[in-house]
Amino acid sequence: MKKAFTLAEVLITLGIIGIVAAMTLPTLIQNSQQKETVAKLKKINSIMSQAILRSVADNGEISSWGLVSWTSSDEDLSDEENLANRAPLQIFIEKIKPYLKIIAECGHGDKCSFDAVSERTSLDGTAFGTWGKESIVLPDGIVIRGITIYSPSCTAVRGSGLLSKICGEMFIDINGRKGPNATGKDVFLFYITNNGLIPMGTKEEADTSSFNFDNGCNLNRPSTLNGYGCAAWVIYNENLDYLKCSDLSWDGKRKCSK
């Protein structure tokens, strides 16, 4: 007689394989997505920093560009009034554009070839409005949103070192129109300085800042600003473990226990 597996044995084996796959695949997919997030964030940080540094080398420091404070579009104003208010911000964009590969740009009131308006949420899922249309789209789908210049003299202070020489900030959406459009997950914030970008949430960020890691990247402290302080953690620690545990710190635990 030839020895062989019975049909029941084959089905049991396949069932066990299916159960193991169902248990391990979500973790493998999540790890792969997180590695992709880390790689994209480090890449765009380098690209945007180099664009700013090259522009500063060619055009002088940002404080000499003739900017004035401009934060965001006012829904109570007309498109014409908002475009006039946006003019100083456009100076900043025009200064860095020659050093970037841009496939699309959208300003307030523009008719764009892409829909840059989407719901946005914080790290813990708190909804807080929509993204405006002011955006720059790069070839790999990364979208630069919400560029804000609030210190044309580049003297805003959020901490020590370069964090005492801030010109403004920007949101970077690493996957464009895809979800979840949440700060700390696929949307990250950076400070604009004469020395390039500084990711929010560094160890040097002031304890009183809403954007430091403890206040701005902690699921235990839900707010609309939750997720603002995650960019530095992702770049320097190469993980998004703050999504799994809330006891991480720059001076202590850098990864969740397995």
Side-chain angles (χ1 to χ4, degrees), residues 37-71 88-89 91-93 95-96 99-100 123 142 144-174 183-184 187-218 221 223 225-242 247-255:
T37 297
V38 171
K40 281 189 172 183
L41 203 58
K42 294 177 77 170
K43 177 183 176 182
I44 191 59
N45 180 48
S46 176
I47 289 173
M48 291 303 298
S49 286
Q50 288 301 315
I52 292 173
L53 288 170
R54 290 174 64 189
S55 185
V56 167
D58 292 342
N59 302 299
E61 294 193 342
I62 296 174
S63 56
S64 69
W65 289 1
L67 304 177
V68 296
S69 295
W70 188 93
T71 52
L89 177 61
I91 295 173
F92 176 83
I93 294 173
K95 292 286 188 182
I96 64 171
Y99 312 98
L100 296 170
L123 182 66
I142 291 176
I144 312 302
R145 305 180 186 268
I147 299 175
T148 300
I149 301 298
Y150 47 73
S151 177
S153 61
C154 298
T155 55
V157 178
R158 296 291 186 273
S160 59
L162 292 178
L163 292 181
S164 63
K165 302 176 181 179
I166 295 172
C167 315
E169 63 191 47
M170 65 174 63
F171 291 79
I172 293 181
D173 187 339
I174 62 170
T183 51
V187 179
F188 298 88
L189 283 88
F190 292 77
Y191 291 118
I192 301 167
T193 77
N194 286 312
N195 296 90
L197 293 188
I198 304 294
M200 287 190 184
T202 61
K203 186 176 181 180
E204 293 73 28
E205 190 102 21
D207 291 339
T208 55
S209 172
S210 299
F211 308 143
N212 65 26
F213 179 73
D214 190 45
N215 290 327
C217 193
N218 192 327
R221 301 189 179 185
S223 75
L225 298 181
N226 201 359
Y228 276 41
C230 297
W233 187 273
V234 176
I235 290 173
Y236 298 129
N237 293 311
E238 299 185 339
N239 68 59
L240 281 75
D241 279 17
Y242 52 80
D247 58 345
L248 304 176
S249 71
W250 285 109
D251 295 320
K253 186 176 175 182
R254 299 289 185 97
K255 295 188 71 174

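- Judged by distance alone, with hydrogens and angles left aside, the side-chain atoms of Asn212 form a donor-acceptor pair with the main-chain N or O of Asp207 at under 3.5 Å.
- Ring geometry for Trp65 versus Phe92: interplanar angle of 30 to 60°, hence tilted.
- With sequence neighbours left out, Asn45 forms a side chain to side chain donor-acceptor pair (under 3.5 Å) with no residue at all.
- Contact of the Phe213 side chain with the Thr202 side chain is not registered, since no non-hydrogen atoms from C-beta on lie closer than 4.5 Å.
- The shortest non-hydrogen separation linking Glu238 to Val38 is C-CG2, 3.7 Å.
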Exercise answer: donor-acceptor pairs, residues 229-237 side-chain atoms, under 3.5 Å, sequence neighbours excluded:
residue, atom, partner, partner atom, Å
Trp233, NE1, Asn239, OD1, 2.9
Asn237, OD1, Arg254, NH1, 2.8

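- Applying the ring pair (Phe, Tyr, Trp, His ring centres under 6.0 Å) test to Phe211 and every residue at least two apart in sequence or in another chain returns Tyr228.
- Of the inter-residue distances, the one linking Ile93 atom CD1 with Ile147 atom CD1 reads 4.5 Å to the nearest 0.5 angstrom.
- Applying the side chain to side chain donor-acceptor pair (under 3.5 Å) test to pairs two or more places apart or on separate chains, those with a residue in residues 46-55 are Ser55-Asn59.
- Of all heavy-atom pairs between Pro199 and Phe190, the closest is CA-CD2, 3.5 Å.
- Smallest separation of non-hydrogen atoms from Ile174 and Ile142: O-CG1, 3.5 Å.
- Within the 4.5 Å cutoff, side-chain heavy atoms of Val56 are placed close to those of Ile52.
- Note: Lys165 NZ to Ile62 CD1 = 13.0 Å, rounded to the nearest 0.5 Å.
- Summarising the geometry of Met48 relative to Ile172, their closest heavy-atom pair is CG-CD1, 4.4 Å, with the distance given to 0.1 Å.
- Rounding to the nearest 0.5 Å gives a distance of 7.5 Å between OG1 of Thr193 and CG of Leu197.
- Of all heavy-atom pairs spanning Cys167 and Asn194, the tightest one is SG-N, 4.1 Å.
- Separating the OG1 atom in Thr183 from the CE atom in Met200 is a distance of 10.5 Å, to the nearest 0.5 Å.
- Residue Ile149 comes nearest to Ile192 through the heavy atom pair CD1-CD1, 4.3 Å, listed as atom of the first residue, atom of the second, then distance.
- Side chain of Trp250 to main chain of Gly201: a donor-acceptor pair is present (N/O by atom type, distance under 3.5 Å, no hydrogens or angles).
- Inter-residue side-chain proximity for Leu53 and Tyr99 is flagged as unmet; no heavy-atom pair is nearer than 4.5 Å.
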What donor-acceptor contacts under 3.5 angstrom involve side-chain atoms of residues 151-162, with partners at least two apart or in another chain?
residue, atom, partner, partner atom, Å
Ser151, OG, Cys154, N, 3.3
Ser151, OG, Thr155, N, 3.0
Ser151, OG, Ala156, N, 3.4
Ser153, OG, Thr155, OG1, 2.9

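- When the shell of 6.0 Å around CD of Glu61 is examined, it contains 12 or fewer heavy atoms from other residues, nucleotides or ligands.
- Scored by the salt bridge (charged side-chain N to carboxylate O under 4.0 Å, His left out) test, Lys40 finds Glu36 as partners (sequence neighbours excluded).
- The neighbour count for Lys253 NZ, taken as heavy atoms of other residues, nucleotides or ligands under 6.0 Å away, is above 12.
- Proximity of Glu205 to Leu163: side-chain heavy atoms (C-beta onward) are separated by under 4.5 Å at one or more points.
- Checked for salt-bridge contact, Asp58 and Lys95 miss the test: no charged N lies under 4.0 Å from a carboxylate O.
- Judged by distance alone, the side chain of Asp173 and the main-chain N or O of Ile144 form no donor-acceptor pair under 3.5 Å.
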